[in-house]
Amino acid sequence: MSGIKNQLELINLEKRYGDTIAVSGIDLSLPDNTYCCLLGPSGCGKTSLLRMIAGHEEITSGDVILNNQNISDKSPAERSTSMMFQNYALFPHLKVIDNVAFALKIAGVNKTVRHARAMELLESVQLHTMSERYPSQLSGGQQQRVALARALITKPKLLLLDEPLSALDPFLRIEMRSELKVLQRKLGITFVHVTHSQEEAMALADIILVMNDGKVEQQGSPMTLFNKPRNAFVARFIGGHNVIEGQGLPISIREDRIKLTLGGTDEVTGVEFLGSVVRLKVNSGLGPLTVVQSDMEFTQARLDLGDQVKASWSKKDQLQLEA
């Protein structure tokens, strides 16, 4: 893969804080024009990994390769990368156009040229009519677009995003993640995006790294991770799966592959109507199960709290997990 332009490679990357290992032995190879999400719970090492790629965190050992060049010892400004921070970090005293153009001003680019480039980017994020406003006059979603345009002004080969959607309300979060994906494809550069939201990672990514305790538990496409989680942690964290453990042989069954029929020894303990689907909690002989039914299936079955049911599934839907 060495001939692929702007490929990002991480080779046995590690970060230690004293005796604490924050990131351990991370290997990754991303082709150009890839949307990659680093997914995991708080404290799993995903932000430390992002900051090492950006040059904001010193690498303990290992290498970061971008476009076939080792950038491990380079400063953030020398890396051809750009980072969009979680809090946006806009300058309150600067107008939108000058916030976006700031890096070019520092680089000595004249005002006419840098403003023209800033307006191009503001147009790409649908904010060209607000170039003369100040950050305080913008909504959260608009501020995010400004921060995104500012991060792209230097034409980076790699854009790094630290939980960029976490401050937005749920409706706007869905709208903005769609815009991010479109923009990434339009620009043709690689995005590496930190998130703790499974839904966000599944919607955006070409490749997901599921992280836990400083390590990558599994990496792959959203479809691969959902259909073939490697172990119990990935199955539970990705969601949509029941993990059944016993006698050293953990298995996973998707929530939508379990059938419920009346008259068994299992009990319905929860019913959640979620629009097109209904999620049921069942106390079974194998432990608690979650079952997802279509609204039509639920209407026909008419299950309710306290109903005695039998939970069953096809053996082909069982996935053997690594211990």
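Residue numbers run from 1 in the order of the sequence given. FYI, side chains are in, hydrogens and waters are out, and symmetry mates aren't considered; it's all heavy atoms of this structure.
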Legend entry - Minimum heavy-atom distance Leu204-Cys37, with the two atoms named: CB-SG, 4.3 Å
Inset, instruction - Look up atom CZ in Phe85 and atom CG in Leu50, then write down how far apart they are to the nearest 0.5 Å. - result: 9.0 Å
Legend entry - Considering all heavy atoms, the nearest Pro164-Met84 contact: CB-CE, 4.1 Å
Legend entry - Side chain Asp317, main chain Trp313, donor-acceptor under 3.5 Å: no
Inset, instruction - Write down the atom of Pro92, the atom of Pro135, and the distance for their closest heavy-atom approach. - result: O-CD, 3.9 Å
Legend entry - Presence of salt bridge, Arg236 and Glu245, under 4.0 angstrom: yes
Inset, instruction - Would you check if the side chain of Gln219 reaches a backbone N or O of Ile207 as a donor-acceptor pair within less than 3.5 Å? - result: no
Legend entry - CD-CD distance between Gln69 and Glu78, expressed to the nearest 0.5 angstrom: 11.5 Å
Legend entry - Exercise: do Thr290 and Lys281 side chains pair donor with acceptor under 3.5 Å: yes
Inset, instruction - Identify the heavy atoms of Ala103 and Ile153 that sit nearest to each other, and give their distance. - result: CB-CG2, 3.9 Å
Legend entry - No-hydrogen, no-angle side-chain donor-acceptor test under 3.5 Å, Gln308 and Thr265: no
Inset, instruction - Spell out, as yes or no, whether a donor-acceptor pair under 3.5 Å connects the side chain of Glu267 to the backbone of Val282. - result: no
Legend entry - Interatomic spacing from OH in Tyr88 to CD in Gln144 - rounded to 0.5 Å: 4.5 Å
Legend entry - Donor-acceptor contact present, side-chain Ser72 to main-chain Val64, <3.5 Å: yes
Inset, instruction - Ignoring hydrogens and angles, tell me if any N or O in the side chain of Thr299 forms a donor-acceptor pair with the backbone of Asp295 under 3.5 Å. - result: yes
Legend entry - Salt-bridge criterion met for Arg185 and Asp206 (N-O under 4.0 Å): yes
Legend entry - Check: Lys228 main-chain N/O paired with Gln218 side-chain donor or acceptor under 3.5 Å: yes
Inset, instruction - Would you kindly say whether Glu217 and Asn212 are connected by a side-chain donor-acceptor distance under 3.5 Å? - result: yes
Legend entry - Distance (rounded to the nearest 0.5 Å) between Leu10 CG and Ile65 CD1: 9.0 Å
Legend entry - Phe171, CZ: over 12 other non-hydrogen atoms inside 6.0 angstrom: no
Legend entry - Heavy-atom check, side chain of Val268 versus side chain of Asp304, under 4.5 Å: no
Legend entry - Close side-chain approach of Met202 and Ile208, heavy atoms under 4.5 Å: yes
Inset, instruction - Find out whether Asp98 and His115 are in side-chain contact, i.e. whether some heavy atom of one side chain is under 4.5 Å from a heavy atom of the other. - result: yes
Legend entry - Side chains of Asn33 and Gln184, donor plus acceptor under 3.5 Å: yes
Inset, instruction - Might you confirm whether atom CG of Asp73 has over 12 heavy atoms from other residues, nucleotides or ligands at distances under 6.0 Å? - result: no
Inset, instruction - Examine Arg254 relative to Phe226 and say whether NZ or CZ is less than 6.0 Å from the centre of the six-membered ring and inside a 45° cone about the ring axis. - result: no
Inset, instruction - Output the distance between atom CG (Leu8) and atom CG (Asp32), rounded to the nearest 0.5 Å. - result: 10.5 Å
Inset, instruction - Determine yes or no for a side-chain-to-main-chain donor-acceptor pair under 3.5 angstrom, with Asn231 supplying the side chain and Glu322 the backbone. - result: no
Inset, instruction - Give a yes or no on this: more than 12 heavy atoms of other residues, nucleotides or ligands lie within 6.0 Å of atom NZ of Lys105. - result: no
Inset, instruction - Could you give me the CA-CA distance, side-chain angles and deciding distance for Arg16 and Glu14, then say whether salt bridge (Lys or Arg N to Asp or Glu O under 4.0 Å) is met? - result: CA-CA 7 Å; Arg16 291 176 179 263; Glu14 186 169 293; 2.7 Å; yes
Legend entry - Side-chain donor/acceptor of Asn99 to backbone N/O of Phe91, under 3.5 Å: yes
Legend entry - Test item: Lys46 side-chain N/O and Leu38 main-chain N/O as donor-acceptor pair under 3.5 Å: no
Inset, instruction - State the NZ-CD1 distance between Lys111 and Ile97, to the nearest 0.5 angstrom. - result: 8.5 Å
Inset, instruction - Could you verify whether a donor N or O on one side chain and an acceptor N or O on the other, from Glu200 and Thr195, lie under 3.5 Å apart? - result: yes
Legend entry - Charged N-O contact under 4.0 Å between Glu58 and Lys15: no
Inset, instruction - List the atom of His241, the atom of Ala235, and the distance in Å for their closest heavy-atom pair. - result: CB-O, 3.7 Å
Inset, instruction - Mark yes or no for whether Arg173, through its side chain, and Leu168, through its backbone, hold a donor-acceptor pair below 3.5 Å. - result: yes
Inset, instruction - For His193 and Asp162, test the side chains for any donor-to-acceptor distance below 3.5 angstrom and give the result as yes or no. - result: no
Legend entry - Under-4.0 Å salt bridge between Glu255 and Arg257: no
Legend entry - Verdict with supporting geometry, Arg117 and Glu123, salt bridge (Lys or Arg N to Asp or Glu O under 4.0 Å): CA-CA 10 Å; Arg117 172 68 179 146; Glu123 193 158 345; over 6 Å; no
Legend entry - Closest non-hydrogen atom pair, Arg79 against Leu66: O-CD2, 3.4 Å
